[in-house]
Amino acid sequence: MDPLVSGWHKVADSEAALDFKSNDITEVTVAGKSYCIGRWQGNLYGFAQTCPHGGTLLAEGYRDSLGNLVCPLHHYKFNIRTGRNSSGEGYYLRHWPVEIRPDGVYFGL
C-alpha cells in the first residue's frame, strides 16, 4: 500500500453530512478511490465499492435485517462488520474502519 495513502482520511464534517441513501449506504472518495460506508445499529463501516464476485456497485444493493450487505446482482451477502461472505459462496469483501470524531468522519486505510 502506498505509504502516502495509508492512515486516516477525513471524508465528512459529520455523520449528517454523509449522503446516505434509503439503504443506509453511501459512497465516498478517499485518496482518489471510491469506497462505501454503511450504517448499521448506530455504527459506520467502510467497505469496497464493488462486489468481489460480479463487480456490481454495492451502493445499489441493500442491507438486510441481520446487517448483511446484499449485492444487487446475485444477492450474495457479506457481514457489514467483517466482510465475510455470509451466504456461503466463499468470497470476502474488503473492509476498513470508520471513526466518528468531534471534527468529522474518518475512513482508515
Side-chain angles (χ1 to χ4, degrees):
M1 176 167 297
D2 183 346
L4 298 176
V5 175
S6 64
W8 290 97
H9 299 263
K10 187 174 180 179
V11 294
D13 290 330
S14 66
E15 183 177 353
L18 291 169
D19 185 25
F20 282 103
K21 297 174 176 57
S22 61
N23 61 2
D24 280 334
I25 300 172
T26 189
E27 293 179 81
V28 296
T29 301
V30 180
K33 292 187 177 185
S34 294
Y35 299 90
C36 288
I37 294 178
R39 182 169 45 195
W40 186 60
Q41 293 186 333
N43 296 305
L44 300 180
Y45 301 92
F47 52 93
Q49 180 189 32
T50 57
C51 177
H53 170 251
T56 303
L57 295 176
L58 290 171
E60 295 175 3
Y62 62 94
R63 194 197 68 245
D64 69 12
S65 62
L66 299 174
N68 293 306
L69 299 166
V70 182
C71 174
L73 183 60
H74 295 114
H75 304 284
Y76 285 14
K77 296 180 181 183
F78 301 91
N79 183 297
I80 196 169
R81 291 170 293 177
T82 67
R84 294 191 190 279
N85 178 234
S86 55
S87 51
E89 295 83 14
Y91 290 96
Y92 176 79
L93 178 64
R94 292 198 61 198
H95 66 288
W96 295 270
V98 177
E99 288 185 359
I100 300 173
R101 300 178 183 175
D103 67 327
V105 178
Y106 287 80
F107 195 97
L109 291 180

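When a residue number appears, it is its place in the shown sequence, counting from 1. Computed from heavy atoms alone, side chains included, the values below leave out hydrogens, waters and symmetry copies.
The side chain to side chain contact (heavy atoms under 4.5 Å, CB included) test applied to Ala17 returns Ala12, Ser14, not counting sequence neighbours. Considering only residues two or more places apart in sequence or on other chains, Asn23 meets the side chain to side chain donor-acceptor pair (under 3.5 Å) condition with none of them. In this structure Glu15 satisfies the salt bridge (charged side-chain N to carboxylate O under 4.0 Å, His left out) test together with Arg39, sequence neighbours excluded. Every salt bridge (charged side-chain N to carboxylate O under 4.0 Å, His left out) that Glu99 has, sequence neighbours left out, goes to Arg101. Contacts of Tyr106 classified as side chain to side chain donor-acceptor pair (under 3.5 Å), with partners at least two apart in sequence or in another chain: Asp103. Every residue meeting the ring-ring contact (aromatic ring centres under 6.0 Å, His included) condition with Tyr92, not counting sequence neighbours, appears here in chain and number order: His95. For Thr50, there are no side chain to side chain donor-acceptor pair (under 3.5 Å) partners at least two apart in sequence or on another chain. When the salt bridge (charged side-chain N to carboxylate O under 4.0 Å, His left out) test is applied to Lys21, no partner is found at least two apart in sequence or on another chain.
Between atom CG of residue Asn43 and atom CD1 of residue Ile37 there is a gap of 12.5 Å, rounded to the nearest 0.5 Å. Separating the CD1 atom in Ile25 from the CG atom in Asp19 is a distance of 12.5 Å, to the nearest 0.5 Å. Rounding to the nearest 0.5 Å places CG of Asp64 at 9.5 Å from OG of Ser87. One distance of note links CD of Glu60 with CD of Gln49; it measures 9.5 Å at 0.5 Å rounding.
Of the candidates Phe47, Phe107, Tyr45, Phe107 is the only one forming a ring-ring contact (aromatic ring centres under 6.0 Å, His included) with Tyr35.
Its side chain outside the 4.5 Å cluster rule for every partner, Leu57 clusters with none of the Ile, Leu, Val, Met, Phe, Trp and Tyr residues.
Counting heavy atoms from C-beta on, the side chains of Leu58 and Leu93 come closer than 4.5 Å. Proximity of Leu109 to Trp96: side-chain heavy atoms (C-beta onward) are separated by under 4.5 Å at one or more points. Side chains of Tyr62 and Ser22 form no contact here, defined as non-hydrogen atoms less than 4.5 Å apart. Looking at heavy atoms from C-beta onward, Trp40 lies out of side-chain contact with Leu69 at the 4.5 angstrom threshold. Residues Val105 and Val28 form no side-chain contact, since every pair of their non-hydrogen atoms from C-beta on lies 4.5 Å or further apart.
The stretch residues 25-38 participates, sequence neighbours left out, in no salt bridge (charged side-chain N to carboxylate O under 4.0 Å, His left out) pair at all.
Taking hydrophobic clusters as Ile, Leu, Val, Met, Phe, Trp and Tyr residues chained together by side-chain heavy-atom distances below 4.5 Å, Val5 does not share a cluster with Trp8.
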Which side-chain N or O atoms in residues 70-80 pair as donor and acceptor under 3.5 Å with protein atoms at least two apart or in another chain?
{"residue": "His74", "atom": "ND1", "partner": "His53", "partner atom": "ND1", "Å": "3.2"}
{"residue": "Asn79", "atom": "OD1", "partner": "Arg81", "partner atom": "N", "Å": "2.7"}
{"residue": "Asn79", "atom": "OD1", "partner": "Thr82", "partner atom": "N", "Å": "3.0"}

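Nearest approach of Ser34 to Thr29, heavy atoms of both residues: OG-OG1, 4.2 Å.
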